[in-house]
Amino acid sequence: MIPSVLPTYNRAPLSFVKGEGTWLIEADGRRFLDLGAGIAVNVLGHAHPALVQTLTDQANKLWHTSNLYQIPQQQALADKLVDNSFADTVFFCNSGTEACELVVKMARKYWTEKGHPEKAEIIGFEGSFHGRSSAGIAAAGGEKLTAGFGPLLPGFRHVPWLDLDAVRTAIKPETGAIMVEPIQGEGGIRPTEDGQLKALREICDENGLLLILDEVQCGVGRTGKLFAYEWAGITPDIMMVAKGIGGGFPLGAVLATENAALGMTPGTHGSTYGGNPLGCAVGCTVLDTVADEAFLSEVSRKAGRLRQRLEGLVAAHPDVFASVRGEGLMLGLVCTALNADVLQAGYDAEVITVPAAENVLRILPPLTISDAEIDEAVSRLDAAAKTIEAA
Ligand SMILES: *Cc1c(COP(=O)(O)O)cnc(C)c1O
């Protein structure tokens with residue numbers, strides 16, 4: 001008999017009842033160190049006092065009104081995002097995949113307004129992840145996402161990860177945009193080099209294409225800058241944000257330049273919940289905290305510590321780990337053992353990681369993780385590796 005919850009997930013037999021900062025407390029009382037942060041979502045950890053305060057204050061006033069009216073919290077969050085990024089304008093939604101829906105529509109609308117509706121095609125990269133909607137799976141294109149769900153939304157072409165020559169050859173008269181994650185998350189923490197993002201920007205400029213970045217996983221402080229594109233010294237035309245921006249409240253956003261938002265006039269897009277007072281109040285507190293220079297430099301400092309410890313871990317356990325890759329607090333442990341086995345051994349050692357493609361375990365802790373927690377987490381991963389070696 002089918003379970004009452006549609007069985008689309010592989011769930012670990014863990015049930016958390018409480019969170020405190022970097023810690024998750026299981027129903028049986030065990031305390032797990034959380035290096036997953038709900039897949040890069042809980043950037044301020046669990047039950048952060050400022051977030052709890054904002055959420056409860058707003059909950060006592062007003063949760064939802066719809067976008068039929070002015071929403072001051074939404075306006076405030078949009079202004080903060082514009083002040084802190086390349087963007088001139090922001091649309092709020094509730095998830096990464098909804099952000100993907102809009103970036104695809106926006107690129108198509110742009111070219112329609114420019115008199116080139118045929119330029120509806122977007123070039124993307126193999127191994128990408130852009131969410132589970134029809135546009136999201138078509139944009140990413142991977143067999144694991146799309147199998148059984150055809151016919152797929154047309155208008156996407158895929159090239160091997162970071163193969164810039166393949167990008168150049170893939171550009172046709174019908175190409176309108178290039179879409180890329182500055183660091184592939186689900187694809188196995190595969191970073192771009194700064195030079196590669198720059199080259200993609202140049203390719204877009206030479207061919208008059210829009211550059212769309214998906215920073216749903218790598219954005220909001222995770223790499224030690226508010227947004228990962230800042231490292232490359234480029235700016236996109238359109239960008240997807242979600243996950244970390246709500247700190248655990250469902251919130252997504254599309255950031256765009258005025259130019260790229262051409263034609264997105266009243267009636268062209270909408271979301272009932274998108275940008276509601278509750279979500280945007282929380283988003284404001286997240287952004288006020290994370291966009292602070294001192295906070296971001298702490299992320300970079302702690303990332304250095306974590307990376308150094310993880311390099312040591314890899315060196316000590318060559319039969320379990322092959323290498324560390326990624327940026328900031330978005331790291332991947334490439335495994336030599338099966339990543340699923342190391343994930344399980346981690347659970348046994350009471351440390352949470354997140355699996356990804358390419359036999360990688362993702363390390364995506366709350367950005368508020370302390371030095372002591374970093375050391376404790378690595379010592380738990382060390383214990384997990386030892387049990388794999390003993391098996
Ligand atoms: C998680 C993710 C998405 C989808 O976000 P949802 O909120 O799960 O819909 C899109 N792009 C990237 C890069 C992601 O990591």
Side-chain angles (χ1 to χ4, degrees), residues 6 8-11 36-43 91-107 122 124-142 144-146 149 153 156 158 161-162 177-192 197 200 211-223 227-229 236 238-255 271 273-276 279 282-283 286 326-332 353-358 360-365:
L6 190 74
T8 61
Y9 299 105
N10 269 317
R11 295 176 197 270
I39 321 185
V41 165
N42 305 100
V43 286
F91 180 89
F92 292 103
C93 52
N94 312 283
S95 68
T97 202
E98 279 176 86
C100 184
E101 292 293 320
L102 175 54
V103 302
V104 171
K105 284 178 68 176
M106 196 181 268
I122 297 176
F125 291 92
E126 290 167 10
S128 295
F129 185 78
H130 301 300
R132 299 292 198 142
S133 64
S134 295
I137 62 174
K144 266 179 73 180
L145 298 166
T146 59
F149 299 114
L153 184 69
F156 299 94
H158 300 96
W161 178 233
L162 298 178
I178 295 175
M179 185 162 165
V180 63
E181 291 163 81
I183 303 173
Q184 280 191 348
E186 307 298 311
I189 309 291
R190 298 201 293 179
T192 48
L197 275 189
L200 285 173
L211 179 63
I212 304 172
L213 295 184
D214 181 346
E215 292 222 13
V216 168
Q217 197 160 146
C218 64
V220 195
R222 187 131 303 269
T223 65
F227 296 111
Y229 72 80
I238 305 176
M239 187 166 80
M240 297 160 58
V241 174
K243 291 198 167 94
I245 186 70
F249 195 95
L251 182 60
V254 171
L255 280 61
S271 162
Y273 288 130
N276 75 29
V282 171
V286 170
E327 295 294 335
L329 291 176
M330 182 172 184
L331 296 173
T353 57
V354 181
E358 299 213 315
V360 162
L361 280 186
R362 276 177 280 178
I363 310 288
L364 310 160

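We count ligands from 1, going down the list as the structure has it; atoms in each ligand are counted the same way. This chain uses plain numbering: 1 for the first residue, then up along the sequence. Note that these values count all heavy atoms, side chains included, but never hydrogens, waters or copies made by symmetry.
- When only non-hydrogen protein atoms are considered, atom 14 (C) of ligand 1 lies nearest to K243 NZ, 2.9 Å.
- Here the side chain of T223 pairs no donor or acceptor atom with the backbone of G328 at under 3.5 angstrom.
- In terms of protein heavy atoms, atom 9 (O) of ligand 1 is closest to T97 N, 2.8 Å.
- Taking both residues in full, the closest heavy atoms of D214 and P182 are given as O-CD, 3.4 Å, listed atom of the first, atom of the second, then distance.
- Atom 5 (O) of ligand 1 has G96 CA, 3.2 Å as its closest protein atom, hydrogens excluded (heavy atom only).
- S133 approaches E101 most closely through the heavy-atom pair OG-OE2, 2.5 Å.
- Counting heavy atoms only, D214 comes closest to atom 13 (C) of ligand 1 of the residues L213, V41, D214.
- Using a 4.0 Å cut-off between a side-chain N of Lys or Arg and a carboxylate O of Asp or Glu, R190 and E181 do not qualify as a salt bridge.
- For ligand 1, the polar-atom distance check finds no N/O of V216 at less than 3.5 Å from any of the ligand's N/O atoms.
- Between A139 and C100 the shortest heavy-atom distance is CB-SG, 4.3 Å.
- Protein heavy atom closest to atom 10 (C) of ligand 1, with residue, atom name and distance, is H130 C, 3.4 Å.
- With L213 as the fixed residue, the side chain to side chain contact (heavy atoms under 4.5 Å, CB included) test singles out one of L197, I238, V103: L197.
- Residue Q217 has at least one nitrogen or oxygen atom sitting less than 3.5 Å from a nitrogen or oxygen atom of ligand 1, judged on distance alone.
- For ligand 1, the atoms lying closer than 4.0 Å to a non-hydrogen atom of S95 are 7 (O), 9 (O).
- Short contacts between ligand 1 and G131, defined as distances under 4.0 Å to a heavy atom of the residue, involve ligand atoms 3 (C), 4 (C), 10 (C).
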